[in-house]
Amino acid sequence: MKRLLNYLKPSWLIILIIIGLTYAQVQFDLALPDYMSNIVTEGIEYGGLEDNTLYAIRSSEMDKLECFLDEDIKENYILVKKGDEARVLNQIVSFKEDTYVLKEDYDKSITDKLVKPMMYVSAISKMGDDSVYDLIRSDDNYKASVIEKLDVTLSGYEDNLETAAILYCQEEFKQVGLNTEVIETNYIMHTGMVMLGISLLSMLVQIVSTYLATKTAAGVAAKIRSDVFRKVESFSNSEFTKFSSSSLITRTTNDITQIQSLVQVSLRMLLMAPMMGITSVFKVMRYPDLIWILIMALIVITGMMILTLVIALPKFSKIQVIIDKLNNTIREFLDGMLVIRAFNNEKKEEKRFDETNTHLTKTMLFVNRTMAVMMPLLNFLMNFVSVLIIWYGAKQIDINAMSVGNMMAFIQYATHVLMSFMIVAMIWIMIPRAMISARRVFEVLDTENTINDPTNPLKISDENEVLKFDNVSFKYPMAESAVLENISFEARPGETVAFIGSTGSGKSTLIQLIPRLYDVSGGHIYYGNHDIREYSQKDLREKIGYVTQRAILFNGDIRSNIEFGREVDERHLNEAIEVSQAKEFIDNKEDGVSSAINQGGTNVSGGQKQRLSIARALAKDASIYIFDDSFSALDYTTDKKLRNALKEVILKTKATLLIVAQRISTIKDADKIIVLDSGKIVGMGTHKELLKNCDVYLEIAKSQLSEEELANA
């Protein structure tokens, strides 16, 4: 996780912006339930009145209220005579009787002072006896007695007095002549527009934060993928034996995609869910009577998530390994298609693929079914909680302990809490799989290279130097015995040195030590007066034109493949083509050097691939040319022409030519032939010399040359 966080450091500013935007989105989203509650409660139930402010009251009703007031509040009002007009709550009203209209600079405290008087007047009005007001005005003892009885009546409604006062105001406004439907409609429209504005802001913030999170996650994945690619580029053959090609492909694609998904989800959902959940918890605490329902639901969800984690987690670690195996099977199938068909082994390969594919399918189905079962259960739980809240909330509404709007708001807040908790839990299930992928990726990045550049590399000479093997030995990692032992020889500029021997004698391994595809286990390889390990790998390989045993071409065209080592002008390009004997078949193509080459060179023959590989090495204008059995697919005539052309190049450039071959006819004109057997030099000299003094070489020669050719050697 720490390594992954390091990849996020360059994006710290964007992450802070995402956090800020996510917080804003949470606040916007959580504001909506309150506005919805206001529409239901204040807009519909209270007719658009937000509080019990008495903006207008009939003179007769004011007289009733004054019976229960200890101070004169009329100074906060203006008396408007019957038939006159005045503006109240943005309405022009023509009053049918004398009416008091609230001043703009009224004393705000009168709103609270009028609550109980309103309730007293409302209660008396329900009795239908207005004569009581005359007695209240004339007899203080009677007034005290009435207030005492009314307080007893209202004692069960202490928490709802303000609500009742609002309803009193609503009724009084109707009596005054105000159009309460307009007040209600204006309130609902205004609040609805505010909600719409908040929703639009939330949507805009969500779009921006999602874009930034996606961009950041993609950037992290691109950086990791680039680092993995560069790391794999630096691998020697020893490191490639540790990771299969299919595994490296899976790690570079599927595993990094898992990491990208985790980063993206974390920057959005993992940030938003705790903010949403914690804020919603504070919101639901305003409704203590319903919290027990939420606590019960959270306990059930926690149990379900823990059970899912215990069941599904072990399978996550297996999935990536099975994908590696499946990719490896497919890769072998595609690479070996011709062999499989030639041996009629399609059914066998299908069975092998089906076994791996079925294993992966079953594992994926198990995980997906486990997760699929969770979603209906969680949806059922969410709906059950909503029903339970409505059932219990209805009882609270029935006793006037809660409004409909508050119950609806609680349902939404509870849903936010549950959803936030579920999102966090689901991400925690997702994290282990992503961490497994991260561990596999960082395993590649943390692999120590066995071949490294020196701290202070020497500058390699521009001149062609002597290549010298001094008592070189080599053993593959983890192998018990050495592949090469006590190898010593020199290859001077302008010389052609050839290597021959039975299969497994160490020929290809020997030449792979020169470009440091492997490093020697013992002894030294010198180029000039310095060990090749004192140069940087890049500088050393710049001096080498290497043709591998298996001709490899890349997707593109003929020109791009020949110029793979370096870009060349037309003259050098044509020289490389002519020397490699590729001119004839290139000229026969309609597009010449612009002719397309498929990936792996599948649209050209084996001999053509070898010649293009040789042209690629020659175009590099190197100091050392290495041909690892690179003439095997050529006919004898082409082989001879190519060797003669190569000899002229070597004489002209004074480069060193190293050839690994199985055919004696390919190497018999070499200046020095080295015979290998079981990793040791058993003969060294010219063709004629070896026929006389090397039994291994003579045995090879007898198997390939006629008696006449041996006699004329």
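Note: hydrogens, waters and symmetry copies are ignored here, and every other heavy atom, side chains too, is used. Along the sequence shown, residues carry numbers from 1.
- A salt bridge (Lys or Arg N to Asp or Glu O under 4.0 Å) check over residues 7-19, counting only residues at least two apart or in different chains, returns nothing.
- Side-chain contact between T22 and V205 is absent, with no heavy atoms from C-beta onward closer than 4.5 Å.
- Smallest separation of non-hydrogen atoms from M269 and P274: O-CD, 4.2 Å.
- Under the side chain to side chain donor-acceptor pair (under 3.5 Å) criterion, T415 pairs with no residue, sequence neighbours left out.
- Note that K362 lies outside the cation-pi zone of F366, set by a 6.0 Å cut-off to the ring centre and a 45° limit from the axis.
- Not a single donor-acceptor pair under 3.5 Å links the side chain of N52 to the backbone N or O of T163.
- Between the OG atom in S11 and the CG atom in L16 there is a gap of 11.0 Å [rounded to 0.5 Å].
- Using a 4.5 Å cut-off on side-chain heavy atoms (C-beta onward), D151 and K116 make contact.
- A search for side-chain contact (heavy atoms from CB on, under 4.5 Å) contacts involving L248 returns V232, F240, F243, V444, not counting sequence neighbours.
- Judged as a salt bridge (Lys or Arg N to Asp or Glu O under 4.0 Å), the pairs with a partner in residues 202-230 (not counting sequence neighbours) are, in order, K223-D227.
- Here K113 does not pair with D70 in a salt bridge; the nearest charged N to carboxylate O distance is not below 4.0 Å.
- Atom CG of L102 sits about 5.0 Å away from atom CD1 of I110, to the nearest 0.5 Å.
- Listed by chain and number, the residues in a side chain to side chain donor-acceptor pair (under 3.5 Å) with D112 amount to none (sequence neighbours excluded).
- Here the CD1-CE distance, from I57 to M62, works out to 5.0 Å after rounding to the nearest 0.5 Å.
- Remark: E355 CD is packed, more than 12 non-hydrogen atoms of other residues, nucleotides or ligands lying under 6.0 Å away.
- Other residues, nucleotides and ligands contribute only 12 or fewer heavy atoms inside 6.0 Å of the CE atom of M419.
- Between the side chain of N357 and the main chain of F353, no donor-acceptor pair closer than 3.5 Å is present.
- Nearest heavy atom pair, residue P117 against residue L69, reads CG-CD2, 3.7 Å.
- Counting heavy atoms from C-beta on, the side chains of T279 and Q27 come closer than 4.5 Å.
- With sequence neighbours excluded, the residues satisfying side-chain contact (heavy atoms from CB on, under 4.5 Å) with M189 are T185.
- Shortest non-hydrogen contact noted between Y168 and S122 is CD1-CB, 4.2 Å.
- Interatomic distance, CD1 of I19 versus CH2 of W12, reported as 11.5 Å (0.5 Å rounding).
- Listed for the T216 side chain is a donor-acceptor partner under 3.5 Å among the backbone atoms of L212.
- Residues L30 and Q412 form no side-chain contact, since every pair of their non-hydrogen atoms from C-beta on lies 4.5 Å or further apart.
- Shown here are the side-chain contact (heavy atoms from CB on, under 4.5 Å) partners of Q170, two or more places apart in sequence or in another chain: L49, L167.
- Under the salt bridge (Lys or Arg N to Asp or Glu O under 4.0 Å) criterion, K64 pairs with E61, D130, sequence neighbours left out.
- Taking all atoms of both residues into account, the shortest heavy-atom contact from N76 to D107 is OD1-N, 2.8 Å.
- Without hydrogens or angle criteria, S266 side chain to L262 main chain gives a donor-acceptor distance under 3.5 Å.
- Judged as a side-chain contact (heavy atoms from CB on, under 4.5 Å), and not counting sequence neighbours, the contacts of K103 are I78, D105.
- Sorted by first and then second residue, the salt bridge (Lys or Arg N to Asp or Glu O under 4.0 Å) pairs with a member in residues 23-38 read D34-K283, D34-R286; sequence neighbours excluded.
- Within the 3.5 Å criterion, the main-chain N or O of R440 finds a donor-acceptor partner in the side chain of R251.
- For the atom pair CD (Q206) and CD (Q25), the distance works out to 4.5 Å, reported to the nearest 0.5 Å.
- Residues Y100 and R58 are not in side-chain contact: their nearest non-hydrogen atoms beyond the backbone lie 4.5 Å or more apart.
- Listed by chain and number, the residues in a side chain to side chain donor-acceptor pair (under 3.5 Å) with T257 amount to none (sequence neighbours excluded).
- Residues F68 and I147 have side chains in contact (heavy-atom distance under 4.5 Å, counting atoms from C-beta outward).
- When all heavy atoms of G192 and I39 are compared, the pair lying nearest together is N-CD1, 4.2 Å.
- Shown here are the salt bridge (Lys or Arg N to Asp or Glu O under 4.0 Å) partners of E104, two or more places apart in sequence or in another chain: there are none.
- In this structure the side chain of R268 never reaches within 4.5 angstrom of the side chain of T214, judged on heavy atoms.
- Contact check for Y106 versus T53: side-chain heavy atoms found under the 4.5 Å cut-off.
- Here the OG1 atom belonging to T356 is positioned 12.0 Å from the NZ atom belonging to K351, to the nearest 0.5 angstrom.
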